[in-house]
Amino acid sequence: MRYLMILEVSQKQAYIFSSTKLKDNIEHSNNICQVTDIQYFQTIADRAGIPFSEEDNLVYSGGGHTVLEFDSEKTARKFAYAVSRIVKQEFTEIALFIKVMEYDESKKPGENLEQLTKRLEVKKSVRKASFHQGSFGIERIEASARKPKALEEQIDRIVYEGDKEYTPEGYKAPKKFGNLGNSKYSSSFIAVVHIDGNAMGKRVEQIRKEYNEKPWNEYKSILKRFSDSIDEDFKSAYREMTDRAAVSLREEAGDKLDLEHPYFPIRKIILAGDDVCFVTEGRIGLEAARIFIEQLSKKKNRQDGQRYTACAGVAIVHQKYPFYKAYELSEMLCSNAKSFASSYGTDKKVCAIDWHIEFGELVDSIEELRENYITSDGCHLELRPYLLWAESDVWEYERIRRYDNFKKLLCSIQQEEIAYAKGKLKEFREALRSGETTAKYYLESNLLEELSLTGYEGIYKELELDKLFSGQGIERKVFVDTCDGKKRSLFFDSIEMMDTFVALENIEK
């Protein structure tokens with residue numbers, strides 16, 4: 001006899017971001033890691049007198065849940081009771097769902113796991129309530145979370161160390177958003193970065209199809225090796241990103257940021273499998289996301305041998321902006337980047353990035369957000385999302401919407417290679433909002449031809465030398481037709497970001 005058990009924390013994001021304090025968000029994320037960690041299970045089993053070990057009982061952990069196996073229903077239910085009781089005692093706000101199912105020997109291993117997942121979803125859908133008593137009106141309220149303050153001491157709580165926070169040598173880990181870096185002469189923006197791996201579900205399904213005829217013990221070893229490699233590779237990419245960022249901060253980027261604190265301007269919040277969220281000083285959010293995906297894309301999973309691709313969403317907001325809304329925005333932007341990536345074909349390997357600078361308005365969807373970027377004549381101001389990396393055929397096909405193009409133009413503006421006052425460029429940005437005709441007129445009347453030459457001819461399109469002496473003149477475009485059939489501005493993204501961007505590395509590779 002064999003019994004499978006699946007454990008999953010419900011409404012993880014709502015729990016993690018229930019507080020307005022960075023240290024609380026990090027603590028809540030660690031709490032979720034704890035209640036699904038094999039060492040935590042081992043401690044609970046030892047206390048309850050239940051035989052348990054990682055080798056014998058762990059099937060795999062990944063995709064937001066953990067799957068265990070037991071040799072009897074009695075043992076499985078005793079363990080489920082012990083886990084749920086202790087989790088509820090130690091973390092009253094965490095909703096842990098557990099489902100136990102007898103393994104059906106007449107079915108294949110993958111079919112059993114699929115059935116287990118379905119039964120968990122059914123259980124979640126019929127729960128009696130998704131809320132609990134908030135306050136009786138007589139408790140001390142915790143202002144940062146707007147809920148009753150928990151007891152400061154809990155008796156016999158299980159100690160959990162988890163993964164130690166990685167911070168490059170010479171820096172301290174920030175404990176609040178203000179530690180991320182308030183420079184003397186810049187506004188206090190932070191960037192919330194959400195990164196999600198592409199097609200991970202399809203890769204799991206491919207493993208199930210390929211190894212479904214294998215015996216159970218061999219099958220679960222394959223799944224565990226796949227999920228363990230994902231976790232290790234994403235964590236490794238994060239460490240490598242912070243190391244590369246630290247090198248840049250010790251050089252030119254550090255001078256531009258002008259940080260007042262010894263704190264490292266990047267802090268991890270969620271790093272579980274392919275689900276990643278970290279916060280940075282507002283001006284380096286895009287670059288941190290880019291470097292993370294670059295490092296990740298170099299790695300191969302130990303089990304299926306395939307490289308990783310991922311997409312990123314970056315919400316750049318003021319420190320006082322509701323953090324949970326900022327995270328939701330970063331999730332929406334990441335989903336939009338994934339939709340953009342999949343538009344080239346679901347079988348294509350593509351990495352993309354999208355972002356938004358939030359100045360206070362609250363929106364419910366990307367569509368609503370981007371309505372503000374449509375000009376009076378129907379053009380689009382934004383070029384984003386951008387490709388970070390793609391297979392060669394996609395990369396050659398999409399010659400406009402590449403992150404490198406955006407970065408080169410932006411750095412040219414910042415380094416005054418395009419020698420125009422910021423006031424002129426910001427006036428041009430407003431002219432762009434009025435449409436193509438107004439923007440072209442402003443470009444010509446204010447003698448901004450260098451901007452067009454550097455932007456369009458120098459970066460977005462190779463200069464057509466045969467036109468130089470033909471009398472036809474050089475084409476100066478402000479809006480271009482992109483591969484999605486829409487007309488978009490080449491310059492708006494770069495001008496909008498020129499005060500909120502610091503390059504972490506030289507654009508020349």
Side-chain angles (χ1 to χ4, degrees), residues 187 286 316 333 336 340 353-361 363 365-387 398-464 467-468 470-501:
S187 57
L286 296 187
I316 303 171
L333 291 163
N336 197 50
F340 170 66
I353 186 170
D354 196 5
W355 69 85
H356 179 69
I357 306 176
E358 188 59 71
F359 294 104
E361 67 271 24
V363 295
S365 67
I366 288 294
E367 291 73 19
E368 181 182 348
L369 187 73
R370 294 286 154 84
E371 284 179 2
N372 297 325
Y373 286 79
I374 299 178
T375 66
S376 56
D377 57 358
C379 297
H380 288 252
L381 292 170
E382 86 289 351
L383 262 178
R384 55 191 187 268
Y386 288 90
L387 294 182
E398 183 55 85
R399 303 183 66 85
I400 297 293
R401 300 173 74 176
R402 299 178 184 173
Y403 181 83
D404 285 350
N405 291 340
F406 153 79
K407 184 177 176 180
K408 286 178 182 177
L409 178 58
L410 175 54
C411 290
S412 295
I413 292 173
Q414 289 180 327
Q415 296 166 5
E416 298 183 353
E417 292 177 15
I418 301 175
Y420 296 116
K422 284 187 177 181
K424 283 274 189 184
L425 293 173
K426 290 180 178 179
E427 287 177 4
F428 179 52
R429 180 184 63 189
E430 297 309 309
L432 288 167
R433 292 185 181 276
S434 299
E436 187 172 18
T437 301
T438 302
K440 279 187 175 181
Y441 176 77
Y442 184 90
L443 201 69
E444 295 170 359
S445 62
N446 288 273
L447 306 177
L448 297 180
E449 290 91 345
E450 186 183 354
L451 178 64
S452 180
L453 283 172
T454 302
Y456 180 61
E457 298 291 350
I459 295 175
Y460 287 105
K461 179 184 176 184
E462 294 180 3
L463 191 64
E464 296 179 5
K467 289 186 177 181
L468 284 178
S470 65
Q472 300 178 53
I474 299 175
E475 189 175 21
R476 292 181 171 85
K477 288 192 175 183
V478 179
F479 288 82
V480 295
D481 294 315
T482 48
C483 295
D484 61 356
K486 297 177 181 178
K487 184 165 282 191
R488 298 178 181 273
S489 169
L490 293 171
F491 304 102
F492 187 88
D493 288 346
S494 297
I495 296 174
E496 185 181 54
M497 282 291 295
M498 65 182 182
D499 294 329
T500 324
F501 181 89

**Student:** Side-chain contact, heavy-atom cut-off 4.5 Å: Leu286 with Ile353?
**Tutor:** yes
**Student:** Can you give me the closest heavy-atom contact between His380 and Lys486, atom names plus distance?
**Tutor:** NE2-CD, 3.6 Å
**Student:** Report yes if some heavy atom in the side chain of Phe492 is under 4.5 Å from a heavy atom in the side chain of Arg433; otherwise report no.
**Tutor:** yes
**Student:** Quick check: closest heavy atoms across Asn405 and Ile400, and the distance to 0.1 Å?
**Tutor:** ND2-O, 3.1 Å
**Student:** Quick check: do Leu383 and Thr482 have side-chain heavy atoms less than 4.5 Å from each other?
**Tutor:** yes
**Student:** Looking at Asp481 and Arg488, is any side-chain nitrogen of the basic one under 4.0 Å from a carboxylate oxygen of the acidic one?
**Tutor:** no
**Student:** Below 4.5 Å, heavy atoms only, C-beta onward: do Arg401 and Asp484 meet side chain to side chain?
**Tutor:** yes
**Student:** Please check this pair: side chain of Asp377 against backbone of Glu436, looking for a donor-acceptor N/O pair closer than 3.5 Å.
**Tutor:** yes
**Student:** Quick one: does any side-chain atom of Ser376 pair with a main-chain N or O of Ser434 as donor and acceptor, under 3.5 Å?
**Tutor:** yes
**Student:** Answer yes or no: is there a side-chain heavy-atom contact under 4.5 Å between Pro385 and Asn336?
**Tutor:** yes
**Student:** Once you round to the nearest 0.5 Å, how far does OG1 of Thr438 lie from CG of Leu432?
**Tutor:** 9.5 Å
**Student:** Kindly say whether Leu387 contributes a backbone atom to a donor-acceptor pair with the side chain of Asp404 at under 3.5 angstrom?
**Tutor:** no
**Student:** Using 30° and 60° as the class boundaries, would you call the ring planes of Phe406 and Trp355 parallel, tilted or perpendicular?
**Tutor:** tilted
**Student:** Indicate the atoms forming the closest heavy-atom contact of Ile495 with Leu425, along with that distance.
**Tutor:** CG2-O, 3.6 Å
**Student:** Thr375 vs Leu381, test: side chain to side chain contact (heavy atoms under 4.5 Å, CB included). Steps then yes/no.
**Tutor:** CA-CA 7 Å; Thr375 66; Leu381 292 170; 3.6 Å; yes
**Student:** Looking only at side-chain N and O atoms, does Asp493 offer a donor or acceptor that is under 3.5 Å from a partner on Tyr386?
**Tutor:** yes
**Student:** Within the side chain of Gln414, is there an N or O that forms a donor-acceptor pair under 3.5 Å with the backbone of Phe501?
**Tutor:** yes
**Student:** Are the charged groups of Arg429 and Glu496 less than 4.0 angstrom apart, N to O?
**Tutor:** no
